[in-house]
Amino acid sequence: MKKSYRFAPLLAMALIAFCALLSSCGKDALQKAVKDAFIKGDTTETTYQAICDIITANPGKYSDYVDADGGILTDALDQMINEVGQNLRPPMSWNTRHYGQKSLSLSIYFERSGSMVPYDQASGGGQLKKAVNDLINFFPGGENASINIVNDNIYPYSGTVDAFLQDRDIYASTKGIGDAAYTDFKVIFDKIFQAQKPGNVAVLITDLIYSPKNTAGVSVDKIFNEENSLATSIFTKYKGKSIIVNQLRGDYDGQYYPYNGQPFHYKGQRPFYAIIIADASTIDRMAKDDRFKNFLNLQGTVNSYRFNQAHTTLDYKLVPVWRNNAGRCRESRDEKGLITGCEADRETGILAFSVAVSFNGLQKDDAFLANSANFTLQSQNGFTVNVEKIAPADINGNNKAYLDGMTHVLTFTGKLATAKDEITVSLRNDFPTWIEQATSRDDSSASAPGFATTTFGLERFLRGIYDAFSASQAHYTSMTIKLEK
């Protein structure tokens, strides 16, 4: 009997060990490979590629990390890898975001029409040519860009990228290419889209003046409606694309060709545009990569707008000490988005609290982001919001931990008359007011108001793109905060 009792614990221990072995063998191969990489200290790109091979060998099982084309969703994989690392003791991290990403390619489409030539005269400041050169120079691998000349069609530039960059009279060098009398936007945009392969970024340099053939005697309204419908019909076919319209201004010295009236000489500032076209996912990727910072924030840009931008849910940090804060509250440790212990200021009855957020990646200018009127706020108690850009002088020892990596502070003010409230703040996706302000209906005279800052028919064309892409998306981003007394 004693021998039987001694054998039982040994048998139990063997069964436990066997079950543990089975459990280990059945453990998810992907997470096991990640954990082994951390433990062995082998966090190299070669190991990362081996992890990717596990995913591509079984895309059905690991569908969370595979896109529609079978490529690796690098952001999702990076998140999983670092979640595994954070659960180790001590916690570990591994920056994998740039692994496995194919290099992006750049295609420049440079409009050579009669109304574009005066932007690059010796008498001017050369802002247009500098903008194009900057786009090439600030694009990783831009020295391998393809360059095309556009007007009635698209024509390959015969020189090298270096020759284009160094050319001091690019319009003289490209004289005779195509028909400079008009620009066929339908042909140009369709061919740009059709030529794009995954990872390609196209940039069209243009004055965005719609100037088709045979418009004599056609009313302005008819032309504008045609322009609007044309834009919508083109861009509706390419829902996966994003378009960034950058408005710049440059010195203009030469003949201007109005829609109605005789050509006249004009010397002064005029708007021109750098239009960036790529898959929406490609632009999202570029926005997160500091190497593209100067490319996406082109020097000399006066106004900018991105069409077709995915909705983003904001994260935030409660800032305990900030100007105009009133009363007190604290962030819950148990539930994200919950602020508890809310107490109003005893003298005024006001509760004012501030949160820091990052608007990086939204690709909106500071004036737009810092304008509280662009935000919609829902609250049972009628809270209001004020938005401030974080300046370097705002960061000190008391708040550095809360403001690091953030771009703006949102301050919510109101009276918490109920035990609980839920505040939802959203950044609206309205058609930009700057586009309407930069549009003219009559360009027949340089003395017309705003001639130096407006483009004939601009609003109708860009409204067509907006209708194709953005009109169904009410907000760029939103954030919900729960309050409890």
Side-chain angles (χ1 to χ4, degrees), residues 13-106 140-141 193-201 237-242 277-292 308-315 336 360-361 473 477:
M13 291 175 64
L15 286 171
I16 291 171
F18 181 68
C19 290
L21 179 62
L22 287 177
S23 175
S24 175
C25 292
K27 188 174 182 180
D28 181 84
L30 183 63
Q31 293 199 8
K32 184 179 184 302
V34 172
K35 185 176 180 180
D36 287 347
F38 276 119
I39 292 173
K40 295 176 182 177
D42 188 16
T43 52
T44 63
E45 188 167 0
T46 301
T47 303
Y48 175 82
Q49 189 55 55
I51 291 169
C52 291
D53 290 342
I54 295 173
I55 296 172
T56 53
N58 198 343
K61 181 177 180 180
Y62 301 115
S63 58
D64 289 345
Y65 310 107
V66 181
D67 63 22
D69 298 320
I72 300 295
L73 292 170
T74 53
D75 286 349
L77 179 56
D78 178 83
Q79 181 178 344
M80 184 276 285
I81 288 172
N82 282 285
E83 285 175 355
V84 171
Q86 289 304 301
N87 287 326
L88 298 175
R89 294 293 176 268
M92 299 181 184
S93 61
W94 184 5
N95 184 7
T96 68
R97 286 186 180 272
H98 298 316
Y99 292 166
Q101 292 185 343
K102 295 180 180 178
S103 297
L104 303 181
S105 63
L106 177 65
F193 283 131
Q194 291 164 12
Q196 278 198 309
K197 296 179 180 179
N200 177 250
V201 180
K237 295 184 292 185
Y238 303 97
K239 288 290 190 179
K241 301 293 183 181
S242 257
I277 304 168
D279 290 342
S281 58
T282 297
I283 293 183
D284 289 341
R285 169 185 161 188
M286 293 165 66
K288 297 175 183 177
D289 190 335
D290 284 342
R291 295 177 301 165
F292 294 93
N308 195 23
Q309 183 168 349
H311 181 275
T312 303
T313 300
L314 287 178
D315 195 8
K336 186 64 182 173
N360 283 331
Q473 181 185 315
T477 185

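Leu77 contributes atom CG, which lies 4.5 Å from atom CD1 of Ile55 (distance to the nearest 0.5 angstrom). From Leu104, atom CG reaches atom CD1 of Ile283 across 10.5 Å, with rounding to the nearest 0.5 Å. The structure places NZ of Lys35 at 6.5 Å from CG of Leu88, a figure rounded to the nearest 0.5 Å. Between the OG1 atom of Thr44 and the CD atom of Gln49 there is a distance of 10.5 Å, given to the nearest 0.5 Å. Between atom CG of residue Asp78 and atom CG of residue Leu73 there is a gap of 12.0 Å, rounded to the nearest 0.5 Å. Interatomic distance, NZ of Lys61 versus CG of Asp28, reported as 5.0 Å (0.5 Å rounding).
With Thr43 contributing its side chain and Phe38 its backbone, the two residues share no donor-acceptor pair below 3.5 Å. When atom types are taken as modelled, the side chain of Asn58 and the backbone of Ile54 share no donor-acceptor pair closer than 3.5 angstrom. Between the side chain of Asp289 and the main chain of Arg291, a donor-acceptor pair closer than 3.5 Å is present. Looking only at distances, a side-chain donor or acceptor of Thr47 sits under 3.5 Å from a matching main-chain atom of Asp42.
Annotation: side chain of Val201 is not in contact with side chain of Phe292 (no heavy-atom distance under 4.5 Å). In this structure, Thr56 and Ile72 have side chains that are in contact, with non-hydrogen atoms separated by less than 4.5 Å.
No side-chain donor-acceptor contact under 3.5 Å links Asn82 and Ser93.
Judged as a salt bridge (Lys or Arg N to Asp or Glu O under 4.0 Å), and not counting sequence neighbours, the contacts of Asp36 are Lys32. Annotation: salt bridge (Lys or Arg N to Asp or Glu O under 4.0 Å) contacts of Lys197 (sequence neighbours excluded): none. Under the rule for a side chain to side chain contact (heavy atoms under 4.5 Å, CB included), the partners of Asn200 that lie at least two apart in sequence or sit in another chain are Ser105, Ser107, Gln196, Ala202.
A 6.0 Å sphere centred on NZ of Lys40 holds no more than 12 heavy atoms belonging to other residues, nucleotides or ligands.
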Begin from the C-alpha positions of Gln79 and Tyr65 and carry the test side-chain contact (heavy atoms from CB on, under 4.5 Å) through to its verdict. CA-CA 10 Å; Gln79 181 178 344; Tyr65 310 107; over 6 Å; no

Between Leu30 and Met80, is a side-chain contact (heavy atoms from CB on, under 4.5 Å) present by the stated rule, with each step listed? CA-CA 10 Å; Leu30 183 63; Met80 184 276 285; 3.6 Å; yes

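Relative orientation of the Tyr238 and Phe193 rings is parallel, given thresholds of 30° and 60° on the angle between their planes.
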